[in-house]
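Have a look at the structure below before the remarks.
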Amino acid sequence: MNLTTTDLRDAMDAYADSVLAPDSEETLAAVQAKVAEDRGHRRSFLLAAVAAVTVLLAAIAGLNALGGRDAAPSPAEQVKKLGSQLPLFVDGYRLVTVKEVPVSNGDPQRFLNPAGEPTGLNFVDVAGGTTVPRRALVWCQDLMISGTAYEDTATLVTSAGQSARCSGGESQSYPGPAHEWVQADGPRGWQLAVVSANDQVRRRVPVGIYQPMKWGDQAASTQTASLPPLPDSSTVFGQTGQTATVTGQGPGSLTTTIVPKESGTTGVAIDVESSSTGQFAASVDGVNANPVDMTLATGKWSPVWTPGRGTSLIVVFEARAGHPVKIVTTAKDNRAAWRATVTLSPSTH
């Protein structure tokens, strides 16, 4: 086809018009296509991001599950696995772990209160890298092989020389399962061994390692028990002194007055027995008495964690013969009967 000059000019004019003023419908269609393309890119990005987060969460969950499988068993699980009778809580102490201690063959009597550091025993480290006060406990029936009885004594001993024993005769007459504590002081004291000459005890004995609790760390028992009978006389530091006894019920304070027979430095012991759990404090002429077991105490308050058991507080003061001394004993968190025996004992020094 041959184009004339006029045809060329008309074609160029049409091209210029389309560039300067494009067709609105075509322009709208182009814009819509561009928006759709951008939305598609954003949607793809969001889907990719969601997928990445999902993979990350699944990986974290997998690691948590793996960590759970590798986590150390709880004390309750340890007790169950070993078939032990060790309690999870006892006398204000909480079970933190269980160690299997191999029994050393030997005369157990030889290691009761040994002179010097024991040697030649299968000691196991039970410190656990902590300086927190701990106690080791053997549940005496855990020593026995199933279906047998034992008569010989087994001794629980630390490398520092503290010891406690389980005796077959004693545990059989004990009202309920017998247990024995051994208190270990300092890092060297936390090497532990069990000694027995009896072939009928287990070769590896579960030993519970306990840490002290503070009041409120664990719910106190709601049970009650009878108060033990009063002794014929009360002693403090091995000295028999003037005594007085008061009996209370539930929370509150009781006052007793004693007139010292002698002047001079005098020790006062307040021995409390409680038929329920609770906390106790005492003062002598307004001066607070100190709990004997500061490990379990909370400030001036000394706890009773086991119904039917007791606690003690002491203070030293300068007595004057013939001048009355007022002793106030206070109970809180207590729900039953309790008794406080106060003993004045003049110093012998």
Side-chain angles (χ1 to χ4, degrees), residues 90-92 175 181 183 212 214-216 220-349:
V90 58
D91 295 341
W181 285 112
Q183 180 72 52
K214 292 297 184 181
W215 194 263
S221 171
T222 59
Q223 297 180 347
T224 59
S226 300
L227 290 176
L230 274 172
D232 293 336
S233 63
S234 184
T235 61
V236 58
F237 307 130
Q239 300 294 322
T240 301
Q242 296 174 254
T243 65
T245 300
V246 292
T247 302
Q249 180 76 29
S253 297
L254 291 175
T255 300
T256 184
T257 301
I258 298 179
V259 180
K261 297 177 181 178
E262 301 178 30
S263 297
T265 303
T266 300
V268 182
I270 301 96
D271 296 310
V272 180
E273 294 160 312
S274 178
S275 56
S276 77
T277 58
Q279 298 188 85
F280 296 87
S283 64
V284 178
D285 280 348
V287 176
N288 288 333
N290 298 310
V292 170
D293 190 347
M294 293 300 298
T295 301
L296 297 178
T298 303
K300 68 178 182 178
W301 295 96
S302 190
V304 172
W305 280 98
T306 305
R309 301 290 289 275
T311 188
S312 297
L313 304 103
I314 57 173
V315 69
V316 176
F317 77 112
E318 291 299 318
R320 290 185 298 168
H323 289 260
V325 178
K326 184 172 72 174
I327 301 98
V328 179
T329 307
T330 304
K332 71 175 182 178
D333 303 320
N334 184 287
R335 62 180 61 85
W338 55 274
R339 180 175 63 222
T341 301
V342 180
T343 304
L344 268 62
S345 182
S347 173
T348 57
H349 302 292

For Ile258, run the side-chain contact (heavy atoms from CB on, under 4.5 Å) check against Thr343, Val284, Leu344 and tell me which one passes.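 So, applying the side-chain contact (heavy atoms from CB on, under 4.5 Å) to Ile258 and each of Thr343, Val284, Leu344, only Leu344 qualifies.
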Exceeds 12 heavy-atom contacts within 6.0 angstrom, atom NZ of Lys326: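 Atom NZ in Lys326 is not crowded, with 12 or fewer foreign heavy atoms closer than 6.0 Å.
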Would you say that more than 12 heavy atoms from the other residues, nucleotides or ligands in this model lie under 6.0 Å from the NZ of Lys261, or not? no
Expected output: side-chain Thr341 to main-chain Thr245 donor-acceptor under 3.5 Å: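 Looks like no, no N/O pair under 3.5 Å.
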Report yes or no: does Thr255 contribute a side-chain atom to a donor-acceptor pair with the main-chain N or O of Ser253 at less than 3.5 Å? no
Are the side chains of [X] and [Y] in touch, meaning some heavy atoms are under 4.5 Å apart?
X	Y	answer
Arg339	Pro228	yes
Thr329	Trp338	yes
Pro303	Thr298	no

With sequence neighbours excluded, residues passing side chain to side chain contact (heavy atoms under 4.5 Å, CB included) with [X]:
X	answer
Ala337	Leu227, Gln249, Ser275
Pro251	none
Lys300	Ala281, Asn288
Ser276	Thr224, Ser274, Asn334, Arg335, Ala336

Distance alone, cut at 3.5 Å: any donor-acceptor contact between the side chains of Thr265 and Glu318?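 The criterion, which ignores hydrogens and geometry beyond distance, is satisfied for Glu318 and Thr265.
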Those residues that, when tested against [X], pass side-chain hydrogen bond (donor to acceptor under 3.5 Å, both in side chains) (two or more places apart):
X	result
Ser221	none
Thr256	none
Thr311	Ser302
Ser312	Asp271

Side-chain donor/acceptor pairs under 3.5 Å, residues 289-297, sequence neighbours excluded:
from	atom 1	to	atom 2	distance (Å)
Asp293	OD1	Thr295	N	3.1

Run the numbers on Thr330 and Val328 for side chain to side chain contact (heavy atoms under 4.5 Å, CB included), then give the verdict. CA-CA 7 Å; Thr330 304; Val328 179; 4.0 Å; yes
How far apart are the closest heavy atoms of Val325 and Pro260, and which atoms are they?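 Reported closest heavy-atom pair: CG2-CG, 3.6 Å.
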Between Thr277 and Val304, does a side chain to side chain contact (heavy atoms under 4.5 Å, CB included) hold up when you go through it step by step? CA-CA 5 Å; Thr277 58; Val304 172; 5.6 Å; no
Contacts satisfying ring-ring contact (aromatic ring centres under 6.0 Å, His included) that involve residues 292-329 (not counting sequence neighbours) are Trp215-Trp305
Spacing of CG belonging to Leu254 relative to CD1 belonging to Ile327, to within rounding of 0.5 Å: 12.5 Å
